[in-house]
J.: 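What follows is a single structure, and I will ask about it in a moment.
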Amino acid sequence: MTAETTAPEDKRRARFPIFRPLGDRALTVSFGDSIDAETNETVIRIADSLREHPFDGFAEAVPTYCALLIIYDPLVISGDDVEHLVAARISEVRHQARARRRWTVPVHYGGPAALDLDNLAAEKDMTPQELIALHSGAEYRVYMIGFAPGFTYLGGLPERLHAPRLPQPRQMIPAGAIGIGGQQASVNSVAGPSGWRFIGSTPVRAFDPARKAPFLFAAGDLVRFHPVAAAEAAELSARVARGETVIRPEQVA
């Protein structure tokens, strides 16, 4: 394909990756300027590779929607050398296949955390049951963990459920609350303020510092929500409090 016939999308992608220094011990690598699964998968693939096979001076790799933060020790390696090493790594692994995990997360669509279920259903001209069926019938992708420890940003929310955040955030939303913000869904990891719209809660803890693996979900995971009644949610919550593992992921190609 010649330069004259290159598609606009191909031209846009050709501008990336873009490396930018961030102080004297970090740099960011941008792989795109939009939210899409392909770009996010590239970010995660490079982050995984750096963690599994770190270069001398590597400290941490933090994936976001379409960029990767790389932290390094400037007393061991220079920023220019990090850029060259990462550029080579990108060429090696960006198209490699990567196994993923799929979680089925129990959700009680009701109770104290369902602060917006009825109002949001009315806004969308549907019943709460229809909203629940639509929300739980989708498959979501974990694009990023952030904002709070373990807070899970999910893509894949059905377009009909897209809803703006509240003009004034509530000051305390419980851990486990299931939210909608714009075109994203979420799993609230710790109690705190939020302007998202909330339609239920899960007894599963997205973040537990006492657990061997404190963060349950990871960028690139797939998530499905399974509606449960209040009694089952309470039983699962009690089991979680006793330290039991109530859900496990399945591996998918």
Side-chain angles (χ1 to χ4, degrees), residues 37 40 44 48 51 63 98-118 120 128-158 161 170 172-181 184-194 196-253:
N40 186 244
I44 296 166
D48 287 348
R51 294 185 189 119
R98 188 181 69 87
R100 293 179 293 172
R101 303 181 301 177
R102 178 186 288 126
W103 300 87
T104 299
V105 178
V107 175
H108 173 46
Y109 290 94
L115 297 163
D116 301 289
L117 177 60
D118 291 338
L120 189 57
Q129 291 71 28
E130 289 172 331
L131 188 152
I132 292 167
L134 189 57
H135 184 269
S136 62
E139 182 169 82
Y140 300 85
R141 174 187 177 85
V142 179
Y143 271 90
M144 189 176 80
I145 304 295
F147 170 67
F151 186 92
T152 308
Y153 289 90
L154 301 172
L157 181 71
L161 296 183
R170 298 183 177 101
M172 188 56 64
I173 300 297
I178 302 299
I180 290 173
Q184 302 169 100
S186 69
V187 180
N188 210 34
S189 56
V190 297
S194 178
W196 290 55
R197 317 284 287 276
F198 291 95
I199 59 175
S201 64
T202 179
V204 173
R205 296 178 181 175
F207 173 67
D208 183 352
R211 197 165 50 207
K212 182 178 180 181
F215 302 106
L216 186 66
F217 307 115
D221 286 355
L222 302 175
V223 172
R224 292 174 175 170
F225 294 119
H226 171 60
V228 297
E232 184 177 352
E235 179 186 353
L236 290 170
S237 183
R239 291 175 57 192
V240 169
R242 294 194 296 267
E244 294 184 30
T245 299
V246 297
I247 63 169
R248 297 184 187 277
E250 61 175 311
Q251 297 293 322
V252 295

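The first residue in the sequence is number 1, and the count goes up from there.
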J.: CD of E250 to CH2 of W103: how many Å apart, nearest 0.5 Å?
T.: 11.0 Å
J.: Minimum heavy-atom separation for P203 to A233, with atom names?
T.: CB-O, 3.8 Å
J.: Is any side-chain heavy atom of T104 closer than 4.5 Å to a side-chain heavy atom of I247?
T.: no
J.: Kindly write out the residues that satisfy side chain to side chain contact (heavy atoms under 4.5 Å, CB included) with V240, not counting sequence neighbours, or none if the list is empty.
T.: R205, V246
J.: Can you tell me if N188 uses its side chain to pair, donor with acceptor, with the backbone of P174 under 3.5 Å?
T.: yes
J.: More than 12 heavy atoms of other residues, nucleotides or ligands under 6.0 Å from CZ of R242: is that the case?
T.: yes
J.: Using the test side chain to side chain donor-acceptor pair (under 3.5 Å), find all partners of Y109 that sit at least two apart in sequence or belong to another chain.
T.: H135
J.: Using every non-hydrogen atom in the two residues, find where A191 and M172 come nearest and quote the distance to one decimal.
T.: CB-SD, 3.6 Å
J.: Tell me if the aromatic rings of Y140 and F225 count as close, with their centers under 6.0 Å from one another.
T.: yes
J.: Less than 4.5 Å apart, side chain to side chain, heavy atoms only: is that true for R100 and I44?
T.: no
J.: Under 6.0 Å between ring centres, would you say that holds for W196 and F151?
T.: yes
J.: Checking the side chain of R211 only, and the main-chain atoms of A213 only, is there a donor and an acceptor separated by less than 3.5 Å?
T.: yes
J.: Less than 4.5 Å apart, side chain to side chain, heavy atoms only: is that true for Q251 and R101?
T.: yes
J.: Out of curiosity, I180 CD1 to L157 CG, how far, rounded to the nearest 0.5 Å?
T.: 5.0 Å
J.: Taking side chain as C-beta onward, heavy atoms only, is V105 less than 4.5 Å from V187?
T.: no
J.: Taking all non-hydrogen atoms of both residues into account, name the closest pair between S201 and A113 and its distance.
T.: CB-CB, 3.7 Å
J.: Do side-chain atoms of T202 reach the backbone of G176 as a donor and acceptor pair under 3.5 angstrom?
T.: no
J.: Determine whether L154 and V142 make a side-chain contact, defined as any pair of heavy atoms from C-beta on separated by less than 4.5 Å.
T.: yes
J.: Of the non-hydrogen atoms in R98 and G220, which two are nearest, and what is the gap between them?
T.: NH2-CA, 3.6 Å
J.: I'd like to know if the side chain of D116 reaches the main chain of I199, judged simply by a donor and an acceptor atom lying under 3.5 Å from each other, with no hydrogens or angles considered.
T.: no
J.: On a heavy-atom basis, which atom in T152 and which in A206 lie closest, and how many Å separate them?
T.: OG1-CB, 4.3 Å
J.: If I compare all heavy atoms of S194 with all of I173, which pair ends up nearest, and what's the gap?
T.: CB-CG1, 3.9 Å
J.: Calculate, to the nearest 0.5 Å, the distance between atoms CD1 and CG belonging to I132 and L134 respectively.
T.: 11.0 Å
